[in-house]
Amino acid sequence: MDNEVKILLGMTLAKIMGIELFKVSTMDGKPVVAHPKNECDLILTAKGFEGKPMSNVELKINIGTTDFPFTSGKIIGAADNGTFTGKTDANGCLTFHYEPPEVDKARYPFLSEVRHQKRPPIAAYFGIVGQKTAGAAKVDLDWPHPKITKFSGADGTDAGLWTKPSHPVQVRIEDIDSTQFTYTVKGVGDFRLVSAKSPILNAEAEWSRPAELNFLYRPPKMGLNVTALPNLKAQIMEANLKFALSYVDSLLKIPGMDKVISKGGYYGSRYQQKSN
């Protein structure tokens, strides 16, 4: 009976009995970032069907599949066929060194640049074979894309005032294989770097910086700005002048009115008649 059949039968029997024969976990209990640079130790815990640890038992661990779209990882120190052989301790634990997979760029070149906010959970799978037992286990993986781990400092700033240089807005990014990032900041208000003097006004700010960005922010003033009120007196004078000019223009359009105005109007013509 080959190993694949043994593993399948072991998994089926364990599922029927509701027993977890094998479990693979990390040292800190967190998912493994799926990138070859993130080598780590994994712990295989083995139990028998009666639930007791499988102590001092030789087990063979094989790399299985990895969820889409990743390649298969490696077990450091494995044989040429990819099989790692080791013996469990008194607690049924076996530690092995693991090189995580990466995005399969050869088959899915576009996926290395994909930036989704929500990504499906991923895992790497192992086949385990012993002299009297067989089964499978998995370890949870985490996507290797950059993650914003900190954003603070924007709250509590008074309208129209800059945040203090001693308490800037802070953005921190964690990424396993990049040290330089392009930050694009959008919002209502003005932005500038702590070291810069000229702000970016009411626009989208873009900076190229390392894993931590510190910048200052000035929210806009809301409501009526008294200093920006129009000059009411000047506007009234301008409106009156426009009305007077339009009135004179309308009088000139009346037939014969231009002659009356040129002789001094109605009272001017009566004065001239009396003088005669």
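Quick note: residue numbers are just sequence positions, from 1. Keep in mind that the numbers below use all heavy atoms, side chains included, and drop hydrogens, waters and symmetry copies.
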Please identify each residue that fulfils ring-ring contact (aromatic ring centres under 6.0 Å, His included) with F96, with sequence neighbours left out. F126

H97 atom NE2: more than 12 heavy-atom contacts under 6.0 Å: yes

Pairing residues for Q170 by the side-chain hydrogen bond (donor to acceptor under 3.5 Å, both in side chains) criterion, not counting sequence neighbours: K150

Side-chain donor/acceptor pairs under 3.5 Å, residues 66-76, sequence neighbours excluded:
unit_1	atom_1	unit_2	atom_2	d
T66	OG1	T71	O	3.3
D67	OD2	A123	N	2.9
T71	OG1	E102	N	3.3
T71	OG1	E102	O	3.3

If you draw a 6.0 Å radius around CG in N81, do more than 12 non-hydrogen atoms from other residues or ligands fall strictly inside? yes

For Y217, is there any backbone N or O sitting under 3.5 Å from a side-chain donor or acceptor partner on T163? yes

Quick one: list whatever passes ring-ring contact (aromatic ring centres under 6.0 Å, His included) with F22, sequence neighbours left out. none

Start with the C-alpha gap between V169 and F151, add the side-chain angles, then the distance that decides, and say whether side-chain contact (heavy atoms from CB on, under 4.5 Å) holds. CA-CA 7 Å; V169 180; F151 181 80; 4.0 Å; yes

Exercise: identify the closest heavy-atom pair between W162 and L216: CZ3-O, 3.6 Å

Measure the CG-NE2 distance between N214 and H167 for me, rounded to the nearest 0.5 Å. 12.0 Å

For S166 and P168, work out which heavy atoms get closest and say how close. C-CD, 3.5 Å

side-chain hydrogen bond (donor to acceptor under 3.5 Å, both in side chains) for D41 and T95? Distances and angles first, verdict last. CA-CA 7 Å; D41 287 331; T95 301; over 6 Å; no

Contact summary for A124 and Y98, nearest pair of heavy atoms: CB-OH, 3.3 Å

About how many Å separate CZ of R218 and CZ of R192, when rounded to the nearest 0.5 Å? 8.5 Å

Check whether any side-chain heavy atom of L141 sits under 4.5 Å from a side-chain heavy atom of P101, and report yes or no. yes

Within a 6.0 Å radius of atom NZ on K147, are there more than 12 heavy atoms belonging to other residues, nucleotides or ligands? yes

Just jot down the salt bridge (Lys or Arg N to Asp or Glu O under 4.0 Å) partners of E39, sequence neighbours excluded, or say none. none

Approximate separation, where rounding is to 0.5 Å, of K23 NZ and C93 SG: 10.5 Å

Residues V32 and P100: closest non-hydrogen pair is CG1-CG, 3.5 Å

Give a yes or no on whether I128 and I43 share a hydrophobic cluster (residues Ile, Leu, Val, Met, Phe, Trp, Tyr; joining criterion: side-chain heavy atoms under 4.5 Å apart). no

Determine whether S25 and V139 make a side-chain contact, defined as any pair of heavy atoms from C-beta on separated by less than 4.5 Å. no

Distance, nearest 0.5 Å, that separates CD1 of I148 from CG of D175: 12.0 Å

Single hit among D89, I61, T85 for side chain to side chain contact (heavy atoms under 4.5 Å, CB included) with L94: I61

Nearest-0.5 Å distance, OG1 of residue T26 to CG of residue D142: 11.0 Å

Closest non-hydrogen atoms of V33 and P144, given as atom of the first, atom of the second and distance, are CG1-CA, 3.9 Å

Non-hydrogen atoms of A90 and P53 that approach each other most closely: O-CB, 4.3 Å

Determine whether I63 and Y125 fall in the same hydrophobic cluster, where Ile, Leu, Val, Met, Phe, Trp and Tyr are linked whenever their side-chain heavy atoms lie under 4.5 Å apart. no

Under-4.0 Å salt bridge between R172 and E212: yes

Aromatic ring proximity F215/W207, centre distance under 6.0 Å: yes

Interatomic spacing from CD in Q180 to OG in S208 - rounded to 0.5 Å: 4.0 Å

List for me each residue that meets side chain to side chain contact (heavy atoms under 4.5 Å, CB included) alongside V57, sequence neighbours excluded, and say none if there are none. M54, L59, T88

